[in-house]
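Structure first, commentary second.
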Amino acid sequence: MNTTDDLIAEPMHQVEEHLSSTLHGTIEEQTVNAMCSQVIKSGGKRLRPRLALLSYLCLCVDPSDHEMDRAVSFASAVELLHTATLIHDDVIDHANMRRGTPTLNATDGNHAAVLAGDYMFTRAFIEFNKIGNREIYNEVVATVTALVSGEIEQLREQGDLGIARKNYYRTIYCKTGALFSLACCGSAMLLGASDREIEALRDYGRMLGEGFQIADDIIDYSSSSPVTGKNSGEDLADGRVTLPLIIALEESSGDQRTRLEKAVKEDDLDEVKKIMKLTGALDKAQQCADTSASGAVKVLSVLPKSQFSDALETLAFKAAKRSF
Ligand code: FPP
Ligand code: MG
């Protein structure tokens, strides 16, 4: 176990217990609960609850049990919301594998998976509602709005090789950064922190999310499923134009550009990877991920320096390298 995990081992244990206990209901709910539990138990990095707890501990003067209960509830609710979005995302993306196990749409079909995602989404809202904080509730609503509009934008932009970097950054904010922002700034809101601290954690989450998503998009072109727990090449197959491809297109001209466009149309992953290598697209995309991580770390200077802010710093760099 590394030091970052040591710092929050106990509340993270409580988050796991909270997640399991949330997915118990009436006899009628048994099947859907079993489906959702299967996804929750498949693991994952639990990065969002870890960020929520560390953000909270950064600003909390008295981390007594009572105070930590609220933080654990919030961190668990964020993870439930995140898991609901993944269930729906895998249906949209026709993904068969996640976290090294078959997705719900693969095991139970699309219809049942959508319904299980809806159920998990409701469980998340029940938990957010229990926290009883209007400011957090508004932030949750804004986050879900961003998630949904980001996914719709991504669908509209499918296969569009002319997509500008700024559109890509907007999309990844919506689909990834917004939820990281919620995890971080929501914890500050729980404590009634100052606007300056709330904004700093919001920006930190957004930029950490950028680094995280760019790294995810790089892995889709550079790795194979045993490493990531997902199938690689899915972005190309589904027509998602992500930063590595945007950069390869920017850096290609003449014959090379024609070859690249043809390879994308024909879903020729090997040829696309070859041109990415020639253009240095993956390295350049990694530099963008690192720049986002550095930006995230910079805004942390607004918070009191502590072992918790140091841990947030470490996580921003790890997210941009996906080295958990
Ligand atoms: C993953 O992106 C995408 C998300 C985490 C966001 C998905 C959001 C929705 C489906 C809409 C909101 C849903 C609810 C329940 C409110 P990716 O496909 O690039 O990443 P991946 O490689 O992990 O699949
Ligand atoms: Mg996906």
Side-chain angles (χ1 to χ4, degrees), residues 32 35-36 39-40 42-48 77-106 110 113-128 139-158 163 168-183 205 208-225 227-246 285 289 319 322 324:
V32 71
M35 288 169 73
C36 291
V39 185
I40 284 285
S42 70
K45 297 168 288 297
R46 305 286 194 244
L47 185 52
R48 290 150 194 85
V78 169
E79 185 67 7
L80 286 169
L81 176 56
H82 167 59
T83 312
T85 71
L86 290 185
I87 294 172
H88 281 183
D89 180 67
D90 287 336
V91 173
I92 295 168
D93 292 351
H94 317 287
N96 293 322
M97 294 288 284
R98 181 176 291 280
R99 299 170 176 169
T101 49
T103 55
L104 271 190
N105 45 299
N110 281 348
V114 168
L115 295 167
D118 289 342
Y119 181 82
M120 179 93 82
F121 185 55
T122 311
R123 296 287 110 180
F125 260 86
I126 290 171
E127 294 306 306
F128 282 125
E139 197 68 28
V140 171
V141 170
T143 302
V144 174
T145 306
L147 279 161
V148 171
S149 47
E151 277 294 301
I152 289 180
E153 248 351 89
Q154 189 169 271
L155 288 173
R156 281 161 54 99
E157 288 167 356
Q158 227 164 15
I163 178 179
Y168 167 80
Y169 274 91
R170 174 77 203 144
T171 301
I172 65 170
Y173 165 70
C174 287
K175 71 181 214 184
T176 308
L179 194 47
F180 281 116
S181 273
L182 170 69
L208 177 143
E210 268 173 21
F212 179 90
Q213 187 59 47
I214 294 170
D216 191 65
D217 293 342
I218 293 171
I219 287 170
D220 202 56
Y221 284 103
S222 63
S223 192
S224 54
S225 53
V227 181
T228 61
K230 304 184 240 186
N231 292 323
S232 64
E234 281 180 350
D235 288 341
L236 183 66
D238 288 345
R240 275 189 299 281
V241 181
T242 59
L243 192 59
L245 184 54
I246 293 173
R322 298 302 285 257
F324 296 102

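No experiment lies behind these values; they were computed from the predicted model shown. Numbers for residues simply follow the sequence, beginning at 1. Side-chain atoms are counted along with the backbone in the values below, which use heavy atoms only and exclude waters and symmetry mates. Counting convention: from 1, in listed order, for ligands and their atoms alike.
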- Arg240, any N or O under 3.5 Å of ligand 1 N or O: no
- Does any N/O atom on His88 come nearer than 3.5 Å to any N/O atom on ligand 1? no
- Note on the structure: Near Phe121 (heavy-atom distance under 4.0 Å), the atoms of ligand 1 are 15 (C), 16 (C)
- Message: Among residues at least two apart in sequence or on other chains, which ones pass salt bridge (charged side-chain N to carboxylate O under 4.0 Å, His left out) with Asp90?
- Response: Arg98
- Would you call Arg240 and Asp93 a salt bridge, taking side-chain N to carboxylate O under 4.0 Å as the test? yes
- Are any of the N or O atoms of Lys175 closer than 3.5 Å to those of ligand 1? yes
- Output, in order, the C-alpha distance, side-chain angles, deciding distance and verdict of side-chain contact (heavy atoms from CB on, under 4.5 Å) for Val241 and Glu157. CA-CA 8 Å; Val241 181; Glu157 288 167 356; over 6 Å; no
- salt bridge (charged side-chain N to carboxylate O under 4.0 Å, His left out) with Arg123: which residues, sequence neighbours excluded? Glu29
- Message: Among Asp217, Ile214, Thr171, Asp216, which residue satisfies the side chain to side chain contact (heavy atoms under 4.5 Å, CB included) criterion with Thr242?
- Response: Asp217
- Note on the structure: The answer for which part of Asp118 has a heavy atom under 4.0 Å from ligand 1 is neither
- salt bridge (charged side-chain N to carboxylate O under 4.0 Å, His left out) test vs Glu79 passes for just one of Lys45, Arg46, Arg48, namely Arg46
- Look only at the side chain of Arg99 and the backbone of Gly43, and say whether a donor-acceptor pair between them is shorter than 3.5 Å. yes
- Item | Any Glu234 heavy atom less than 4.0 Å to ligand 1 | no
- Query: Are Tyr173 and Tyr169 close enough that their ring centers fall under 6.0 Å?
  - Reply: no
- Item | Within-4.5 Å side-chain heavy-atom neighbours: Ser149 and Glu153 | no
- Message: Holding to ring-ring contact (aromatic ring centres under 6.0 Å, His included), I want the full list of residues that pass it with Tyr168, two or more places apart in sequence or in another chain.
- Response: none
- Taking heavy atoms and a distance under 4.0 Å, where does Glu151 meet ligand 1: side chain, backbone, both or neither? side chain
- Message: If you define the side chain from C-beta out and look only at heavy atoms, does anything of Leu243 sit under 4.5 Å from Ile218?
- Response: no
- What do we get for Leu179 next to ligand 1 when only non-hydrogen atoms under 4.0 Å count, side chain, backbone, both or neither? neither
- Give the numbers and elements of all ligand 1 atoms closer than 4.0 Å to a heavy atom of Gln213. 19 (O)
- Any non-hydrogen atom of Arg98 lying under 4.0 Å from ligand 1? yes
- Note on the structure: One checks the Mg ion (ligand 2) and counts protein N, O or S atoms under 2.8 Å, reaching 2
